[in-house]
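Encoded as structure tokens, the structure appears first; notes follow it.
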Amino acid sequence: MSIIIRGARLIDPSKQLDQVSDIHVQAGRIKSIGHLADQSSDLEIDAKGLILSPSFLDLHTCLRDLNQIQKGTIASETQAAASAGFTHLCPSPDTQPCSDSGSVISLIKSKAAAAGFCELLPIAALTQDLKGSQLSNMEALAQAGCIGFSNAGYDIDNNTVLLRCYEYAATFGLKVLVQAQDRQLGDGHMHAGATATRMGLDGILVIAETLSISRHLQFMQHTGVSGHFNQLTSAAGVDLIRQAKAQGMDVTADVGIAHLCFTDTAIEGYQSQYHVQPPLREESDRKALLIGIEDGTLDAICSAHQPHESAAKCAPFAATETGMAMYDMLVPLIQKLVHAGDLTWTAAIRALSCNSAKIAVGTTTSLTIGEAANLTLIDPSHEWALDASSQLSRGTNQALAQQTLKGRAQLTLKDGLITYNRQY
Amino acid sequence: MSNLAELQLTKKGELRHFLSPEGLDRIMLERILDTADSFVVVGNQEVKKVPLLRGRTVVNLFFENSTRTRSTFELAAQRLSADVLTLDIKTSAASKGESLLDTLQNLRAMHSDMFIVRHSDSGAAHFIAEQVTPDVAIINAGDGHHAHPTQAMLDMLTIRRHKGSFEPLSVAIVGDILHSRVARDQIHALKTLGCTDIRLVAPHTLMPYAIESMGVTTHSSMDSGINNVDVVIMLRLQTERMTSAFLPSAGEYFRLYGLTKERLSQAKPNAVVMHPGPINRGIEIESAVADGPQSMILNQVGYGIALRMAVMSMAMSGQMQQRQTEAKQASSLTGELHK
Amino acid sequence: MGATPNQQHPELADTPALVSHLLDQINQLINTQALDQPLVIGIHTGGVWLAKVIADHLQAPLGQLDIAFYRDDFSKNGLHPQVSPSSLPFNINDRHLLLVDDVLMSGRTVRAAMNELFDFGRPASIKLVTLCSVNQRELPIQADVCALALDLEAGQYLQLDGPENLKLSIIEQANHE
């Protein structure tokens, strides 16, 4: 099916393009861009007031399935991702069972292909079963389609083992992704600050993150591995990345959308919906993360989507499982940041699409004639209510449930095929 | 999402859960203390029982061991003529969350009127009051490191009965503030009741981060901490602090932070000494002080029963009034349907 | 335009006379019933003032009761925080008690007082002494000695002012405590 989208605001950060134009998709590719009044297609969309950009790629997400179907399935969660404008996802290796074998990787990839919403570019476990003691079959996993290796939220204690992981990855030119938080200092449930103290909850200091970042930067530098830091949370952490880049290091970093929008005060009243790892920190940290996106220190924004069943969040705070279901509210949250002047759409799209693609597959996304049509069409002023009937993720841990939200994707195309269509 | 004021009070401003003094205004805290005063009188009479809670069922839900606290609550409930049921529930770390939910759902069938809850997770009492059983009065007997409101309020009662008003007082709280659920509530209560000089004394390893934001000053030494204070509250030091890298030894702790007669002389001459108990003689406090003329430690126990009788009767009354209001609203709605 | 409630009941104006009449009636009761060494117990607040007058007159021991913890309206009105101490400086077992209140109306206060008394012991007898009785009983309780009985309209209540110069008056209130 060929599609013409007329009158949308085309934003392509890779070309500094931001202008109202038509775009024609045919045979899975972008056929033409410009004033296309004379062209016609099977489907014509009036996109006045809407934003059209290259589709999004998620560097960190949890699709559950396998032994966790009560939390979500690849079908339900990739559909939710498509409804937030994503066409490519990098699921984190902390699946159950762990993504440390070719068979698990093949399984999740084929499930996603069968569902047909998003393509998976999995991240495999750096150590077997994420236990931090034995190397995983990195080369074989890379062959199976993994774009990088991570130990998820389980920082490796033993420096010798960590050195071996980096050396082995360097052997084959593989990328290592790090969720930087010291294992022992990270033994808490929220940011260590005034709120945690008042609520009597064990806190996690900023130095848990910075110590880990410094350690991993040194390993990356020593072994020459191309490294990426997942989910920065603190101003001090952003500073370390900035310094490393200034020194010419080949390192990249992302931040979870939640950390750009919420702080530790959201937990007041023991709101377990905001119980996340790594933790939400203070307003000064949030502001520093936003500056990091604007000035390019932080390359990408990830969803850190972690759907849960209701029992997982229905307990005293420390006993609840961590993570937020992010896909259904991602676009509204971006819109809110843009509206507050904290972010521009261009910066957001660069972070969600161009840069995350560069990190995952080495090439940026763009709106280029002849390229595969992976596109997202967003209506920034669409108002809608997030509730059980409108959400697509299976996760009940929706922090903004029962609220009226503004901003929603209307159409997502992958290789010219519609993977999400809200109204056409 | 309800804040502590909304959660603990009925729409008419009566107490219906007692989770923490945080969120309650000065008038309410003083009402609690006034009510407790009248129960102190009852406690001194020959017949120590009153029929206020007759026919009501009070369930002690202790997910964490505490013979002392539990038995004072039992005694308080019995003196109010309530039927008391004690459930000691040990939960394994793995099944914490589910057990709590299931346990409480099962208890609902027994139509209890009040739960006294002690749990090792901060926010447990809040969770129960907000999400599980809003129509059962919840009295927080201690949750994690967060709150122990009845202990804090009986401490306030002790101070008021022996020192009068709170405004001119200097109060020092000494010891393991980091792990203390009482300290946080003491700070909330003292501030609300008008105290402006609250000092916390502890080594950095036992001092919570950013606690100055609660309106207190922090001190690493006893000398500056208890200099010229009117009230010294000593907190219990658990032996595991010495084996889990918070402190080197009991001896060093006593040398630097123990309350000896000599140290006490740095406080005002008529300063009172308090301790939530049980005391560790020779670790946080010396016997001569614990048994000495300035010690209020035994008085605190008696006041504890009266204070608990006060909050239990107030919360029970608030819940019952709330039920009546809701029943009236329900019947007026159905009345309208029949019109 | 009618007279004020107090104008409608001029007999209230001379409260000392009523008290004097009450004391005469008490003397008579003690003699006819052979009440040996009675104890006088007043119900807080008005009953206590009156009981003091009676105790002084009889040269008898005096006690007082605050019935706050024995009321039957706890679930409706909650607990009044200012509770004055009940104080019975004697053993009531096998003794004759004169239970004194200023006004007997529904009977609930006296019911609560008796419940409280029985928590202290088992008296030989209790005689109810009240200055005034308003005919609006909700319980089967009557005074043994009463100086004045009268009818009031809805919303009207009798109040005794004291502790010195005892004076009865009628007040109108939507919600009487």
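Naming convention: chains lettered A, B, ... in sequence-line order (proteins, then strands); numbering from 1 in each chain.
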Next on the checklist: Please confirm whether the ring centroid of B:His146 lies under 6.0 Å from the ring centroid of A:Phe317.
Outcome noted: no
Can you tell me if [X] has over 12 outside heavy atoms packed within less than 6.0 Å of its [atom1]?
X: B:Tyr209; atom1: OH; result: no
X: A:Asn158; atom1: CG; result: yes
X: A:Tyr154; atom1: OH; result: no

Checklist outcome for this item: Given A:Leu205, A:Thr320, A:Leu201, the one with more heavy-atom pairs under 4.5 angstrom with chain B than any other is A:Leu205
Checklist entry - Relative to chain A, which of B:Ser122, B:Ala210, B:Ala124 shows the most heavy atom pairs under 4.5 Å? => result B:Ser122
Checklist entry - Is it the side chain or the backbone of B:His179 that comes within 4.5 Å of chain A heavy atoms, both, or neither? => result neither
Next on the checklist: Does any backbone or side-chain atom of B:Glu212 lie under 4.5 Å from a heavy atom of chain A? Answer side chain, backbone, both or neither.
Outcome noted: neither
Item to check | Donor-acceptor pair, side chain of B:His126 and main chain of A:Gly269, under 3.5 angstrom | outcome: yes
Item to check | B:Arg184 backbone acceptor or donor facing A:Arg198 side chain under 3.5 Å | outcome: no
Checklist entry - Rounded to the nearest 0.5 Å, what separation is found between the OH atom of A:Tyr270 and the CG atom of B:Asp143? => result 5.5 Å
